[in-house]
Amino acid sequence: MTGHMLKGLSRIFVLVCLILSAQPAANAFETIKITKESTALDLSKAVEVYRNQGENFQVTTAPGTDGIVRRIEVPANDKRSTGDWAAFSLANPTDEQIDRLIVAPHFRLVGSGFIWPDLGSTRIVAITPSEGFALDRQASEDADIFLVTLNPGSVITFVAELASPNLPQVYVWEPNAYKDTVNSYTLYRGILLGIAGLLALFLTILFVVKGTSLFPATAALAWAVLAYICVDFGFWNKLIEITPGNEQMWRAGTEVALAATLVIFLFTYLNLNRWHDNFSYGALTWILGLGVVSGVAIFDPPIAAGIARFSFALTVISGTVLIGFFSFRSYDRAIMLIPTWILLLVWLMGSWLTVSGILANDIIQPALAGGLVLIILLIGFTVMQHAFSGGALQQGLFSDVERQALAIIGSGDIVWDWDVPRDRVVTTPDLTNFLGASASSLHGAVRNWLPTLHADDRDRFRTTLDVILENRRGRISQTFRLRANDGHYYWYSLKARPVIGSDGEIVRCVGTLIDVTEQKKAEERLLHDAVHDNLTGLPNRELFLDRLGSVITMAQTESKIRPTVFIIDIDRFKQVNDGLGISAGDTFLLTISRRLHRLLRPQDTLSRLAADQFGLILVSESEPAKIAAFAEAVKQAIRAPIAFAKREIVLTASLGLITWTSGSAASPEDLMKDAELAMFQAKRFGGDRIEPFRPAFRAVGSDRLQLESDLRRALERREIHIAYQPIVRLEDNSIAGFEALMRWDHPRRGSIPPSEFIPIAESSGLIVQLGLFAMQKAAEDLVNWQRSLGASPLFVSVNISSSQLIRQDLIDDVRSVLLQTQIEPSSLKLELTESLMMENPERSAYVLSSIKAMGVGVSLDDFGTGYSSLSYLTTFPFDMIKIDRSFLRADQPQKVTLLRSMISMAHDLGLSVVTEGIENESDALQLRQMGCEYAQSFMFSPPLTLDVATKLLREQFQQSKAS
């Protein structure tokens with residue numbers, strides 16, 4: 001019996017061993033609960049990492065809501081897999097679906113290490129949940145980002161396939177919070193890059209001017225700092241293509257450059273070669289060694305970066321000893337460097353605490369980058385102070401005439417001087433030098449200029465001079481063309497004024513002559529770009545409709561002309577852009593446009609209407625059979641394979657067409673809409689199809705068409721009115737102005753929000769009429785307020801759309817409103833966003849500059865939410881910015897610093913600031929203390945009707961008058 005018991009116990013022992021051997025090595029990890037209030041959770045400590053698990057990984061899941069524990073197996077799906085895996089569990093205890101982003105940064109300075117540091121790489125190649133499909137990767141150059149959707153009450157275990165052995169940080173972000181966090185650093189990084197770039201460029205220029213060795217050494221250090229922060233901020237990825245593997249090499253290379261240039265600067269600034277030759281030998285050996293290390297960075301970046309960090313620390317410590325030694329010997333250069341070196345020691349200590357992981361917050365890395373730029377800025381000031389301390393700049397004493405002469409010479413303009421009694425024109429310098437003509441051939445009588453002038457400009461030039469002589473007053477401001485010796489014409493702008501003698505007659509006309517050829521060419525390019533597509537050079541929608549209208553007018557008088565309108569849309573073109581890239585998509589569009597253009601005859605028109613949509617006016621064919629054959633040829637031309645990257649891409653298109661018939665009263669817009677309806681029908685049938693228009697198609701878009709039809713009559717029926725939201729002064733809460741907002745009271749549907757009817761107005765072209773109405777009505781109401789309330793300094797802001805901005809008519813509309821209402825130009829402000837200017841920056845700059853020249857204000861809305869706000873502030877003529885409400889969110893305290901910086905920067909540029917979205921008095925007080933002038937939010941007042949706004953202004957006026 002004892003033998004049977006021993007046999008039974010041995011079998012149980014073997015069975016237990018088999019069960020234990022079947023379990024994974026580690027399978028217990030903490031389940032993190034996600035709620036709607038959690039915006040960012042650090043999963044770094046909750047993630048279990050399993051090393052050397054091979055291509056197939058088994059793990060036991062966290063217990064589900066039913067308490068059941070399961071085991072899953074995940075195979076490796078990427079060649080970058082290292083055999084290391086990570087697992088973590090998320091739970092959604094709420095009764096609502098939650099979307100979150102799993103974010104693993106590629107590089108994190110915190111904890112990166114001093115020797116053989118972690119220089120960053122792709123961390124996670126794929127994440128597989130215990131339920132459902134693998135997570136979708138989101139596009140990002142700085143981190144591995146995956147979108148996960150947690151169903152109510154679910155507990156999901158996630159298995160991450162690692163591409164590198166290190167996983168320094170994993171976060172779970174609320175998508176909008178993550179986007180706001182990324183955007184919050186954009187302005188800060190832009191400021192740092194701008195300061196570092198300008199400082200490096202300025203020091204380089206000073207080297208050319210001054211010629212001392214201090215400046216190239218300092219400039220080299222500044223350029224190295226700029227290169228380092230460009231890599232740290234991911235700026236190089238926007239200029240050149242850097243693969244994830246090469247990013248480590250670039251990062252190590254910039255750290256080596258930083259270490260080497262610091263040695264060069266310290267040696268040059270302290271002038272160590274004059275103290276002992278050994279300093280020179282030591283510095284040369286040190287720099288050569290770092291040069292060898294830069295080569296090592298190509299093959300083994302971590303080793304090179306570790307040596308560079310050690311070298312940088314050793315340089316700072318050695319510099320501390322040298323500066324202290326030379327300071328005791330009263331060496332002025334060393335004494336001047338003490339404050340900067342103390343700051344560098346503090347920065348080095350902070351860097352050591354960061355790379356060792358003692359300081360682990362997310363702000364420390366951008367703070368160290370800012371500190372490095374500050375150190376270089378102080379070094380630059382120290383160097384300039386020393387370089388220019390030997391003598392003051394020479395200053396001369398000039399008379400007003402001499403200053404004006406020097407100013408003209410410095411500007412490079414040509415002085416145009418006409419001695420009227422002697423009828424002699426002299427240009428200084430001689431204009432003929434620029435035209436390649438005989439010397440002084442244009443010096444003499446004014447009539448000598450007429451043969452050189454363009455034939456279209458001669459009469460205008462002569463008439464202008466005659467009017468000046470006859471009226472004995474006025475100014476000459478004229479642009480004309482002069483012929484050079486090679487036959488080319490150059491544009492010149494003449495601005496001159498008459499000089500009146502004691503007898504009341506003109507004795508001279510003096511002014512400047514400026515070559516504006518490039519400006520004129522730019523204007524021509526702007527006009528061309530306004531009606532042509534930038535990529536293909538084809539006419540855009542505006543020009544397409546204009547030509548279609550001309551063809552319809554011709555067809556009404558000539559029976560042989562029966563135009564056919566085609567709308568061509570490339571099927572599933574978004575997948576091409578997503579899969580192959582936007583540049584590949586642009587290449588395909590160019591290829592398609594060339595193919596279609598070969599099918600046309602001179603009287604036909606091809607246009608690019610949208611991203612992947614083309615329009616075609618066929619005039620050369622009018623018979624139905626030939627039109628059908630042409631449509632089939634278009635379809636086959638698009639279907640022809642396109643060779644790309646050693647493979648053939650086949651695209652298809654959906655074609656909608658309609659033929660104009662005699663007696664039809666259809667407008668160009670109507671024909672185009674009918675063709676679009678036919679194209680959409682072809683899309684619904686699966687694409688790769690030709691669909692002629694049939695009246696039944698209109699039932700599909702009847703609701704939108706009805707709304708558009710009602711909108712066309714809304715102005716006539718006075719259904720559109722303007723609401724005014726006050727913009728208040730923070731110093732006393734008084735009303736400084738209003739923002740004019742359009743409202744539509746539909747007789748049957750009631751109040752229709754702008755988000756519904758504005759897109760319809762833009763697509764139908766009605767936005768131009770609505771915009772002019774808003775501008776006219778707001779100006780009239782403002783004039784009435786100013787007249788009834790005395791000289792009240794009120795202003796009104798009117799929003800403009802992209803359709804208005806690209807039209808030349810906007811300048812004329814603004815001028816017309818100013819003349820009709822006699823409003824003070826500065827009290828009218830046009831408000832636009834960055835996205836509008838991005839559509840055509842050159843055109844926008846031209847239009848806004850013309851409007852600004854009239855005295856009308858220009859305001860930038862939603863400042864700080866884009867990516868190029870700083871460049872816009874210096875390029876476009878703004879006088880006011882509106883800071884977006886997102887910078888006042890209490891859950892992101894770091895935005896207070898950005899808000900203060902933006903207000904200070906705007907004031908330095910001479911701009912006033914309006915902040916939107918203030919929710920409480922504490923925010924208003926804080927903004928007032930920062931220097932913000934105006935605020936606009938529902939806390940002060942919602943949009944008001946005209947009567948309520950007038951009453952509010954009258955009460956404010958009476959109170960101010962009584963006080």
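Worth saying up front: this structure is predicted, and the values here are computed from it rather than measured.
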Side-chain contact test, heavy atoms from C-beta onward, threshold under 4.5 Å: evaluate it for [X] versus [Y] and give yes or no.
| X | Y | result |
| --- | --- | --- |
| Ile32 | Phe88 | no |
| Cys230 | Leu193 | yes |
| His907 | Ser912 | no |
| Leu221 | Leu203 | no |
| Ile127 | Val148 | no |
| Ile338 | Thr340 | no |
| Arg251 | Phe107 | yes |
| Val103 | Val170 | no |

Hey, could you give me the [atom1]/[atom2] distance between [X] and [Y], rounded to the nearest 0.5 Å?
| X | Y | atom1 | atom2 | answer |
| --- | --- | --- | --- | --- |
| Arg100 | Leu135 | CZ | CG | 14.5 Å |
| Leu43 | Gln169 | CG | CD | 9.5 Å |
| Leu344 | Thr320 | CG | OG1 | 7.5 Å |
| Glu161 | Thr128 | CD | OG1 | 7.5 Å |
| Leu378 | Ile342 | CG | CD1 | 11.5 Å |
| Trp116 | Ile307 | CH2 | CD1 | 8.5 Å |

Are the side chain of [X] and the backbone N or O of [Y] linked by a donor-acceptor pair below 3.5 Å?
| X | Y | result |
| --- | --- | --- |
| Thr354 | Gly350 | yes |
| Thr204 | Ala200 | yes |
| Arg123 | His106 | yes |
| Trp223 | Thr218 | no |

* Asked: Does the pair Thr254 and Val225 meet the rule for a side-chain contact (heavy atoms from CB on, under 4.5 Å), with working shown?
  -> CA-CA 8 Å; Thr254 56; Val225 169; over 6 Å; no
* To do: Determine, step by step, whether Ser164 and Asn166 satisfy the side-chain hydrogen bond (donor to acceptor under 3.5 Å, both in side chains) criterion, reporting the C-alpha distance in whole Å, the side-chain angles of both residues, the deciding distance to 0.1 Å, and the verdict.
  => CA-CA 5 Å; Ser164 67; Asn166 298 325; over 6 Å; no
Minimum heavy-atom separation for [X] and [Y], please, with both atom names.
| X | Y | value |
| --- | --- | --- |
| Ala163 | Val125 | CB-CG1, 3.3 Å |
| Thr39 | Ala177 | CB-CB, 4.0 Å |
| Ser44 | Pro168 | OG-O, 3.8 Å |
| Ile124 | Asp144 | N-OD2, 2.8 Å |
| Ala143 | Pro105 | CB-CA, 3.7 Å |
| Ser356 | Trp352 | OG-O, 2.7 Å |

Pairs under 3.5 angstrom only: tabulate donor-acceptor contacts from the side chains of residues 255-267 to other protein residues two or more places apart or in another chain.
{"unit_1": "Glu255", "atom_1": "OE1", "unit_2": "Arg309", "atom_2": "NE", "d": "3.1"}
{"unit_1": "Glu255", "atom_1": "OE2", "unit_2": "Arg309", "atom_2": "NH2", "d": "3.2"}
{"unit_1": "Thr261", "atom_1": "OG1", "unit_2": "Ala257", "atom_2": "O", "d": "2.8"}
{"unit_1": "Thr261", "atom_1": "OG1", "unit_2": "Leu258", "atom_2": "O", "d": "3.2"}

* Asked: Can you say whether the rings of Tyr50 and Phe57 are parallel (under 30°), tilted (30 to 60°) or perpendicular (over 60°)?
  -> tilted
Only counting residues at least two apart or in another chain, list the ones meeting salt bridge (Lys or Arg N to Asp or Glu O under 4.0 Å) with [X].
| X | result |
| --- | --- |
| Arg928 | none |
| Asp84 | Arg51 |
| Arg900 | none |

Show me the donor-acceptor pairs within less than 3.5 Å that the side chains of residues 364-373 make with the rest of the protein, sequence neighbours left out.
{"unit_1": "Gln365", "atom_1": "OE1", "unit_2": "Leu109", "atom_2": "N", "d": "3.1"}
{"unit_1": "Gln365", "atom_1": "NE2", "unit_2": "Asp232", "atom_2": "OD1", "d": "2.9"}

Tell me, please, which residues at least two apart from [X] pass side-chain contact (heavy atoms from CB on, under 4.5 Å).
| X | value |
| --- | --- |
| Leu198 | none |
| Leu348 | Phe312, Ala313, Val316 |
| Gln138 | Leu101, Asp136, Ile145, Leu147 |
| Ala334 | Leu270, Ile323, Phe326, Ser327, Tyr331 |

* **Residue pairs, two or more places apart or on separate chains, that pass salt bridge (Lys or Arg N to Asp or Glu O under 4.0 Å) and touch residues 279-304** => none
* Any pair counted as salt bridge (Lys or Arg N to Asp or Glu O under 4.0 Å), so long as it reaches residues 343-359, sequence neighbours left out -> none
* Go through the steps to decide whether Ile883 and Met902 satisfy the test side-chain contact (heavy atoms from CB on, under 4.5 Å), and finish with yes or no. => CA-CA 8 Å; Ile883 298 179; Met902 287 189 290; 4.0 Å; yes
* To do: With sequence neighbours left out, write down each residue that passes ring pair (Phe, Tyr, Trp, His ring centres under 6.0 Å) with Trp173, or none if nothing qualifies.
  => Tyr171, Tyr178
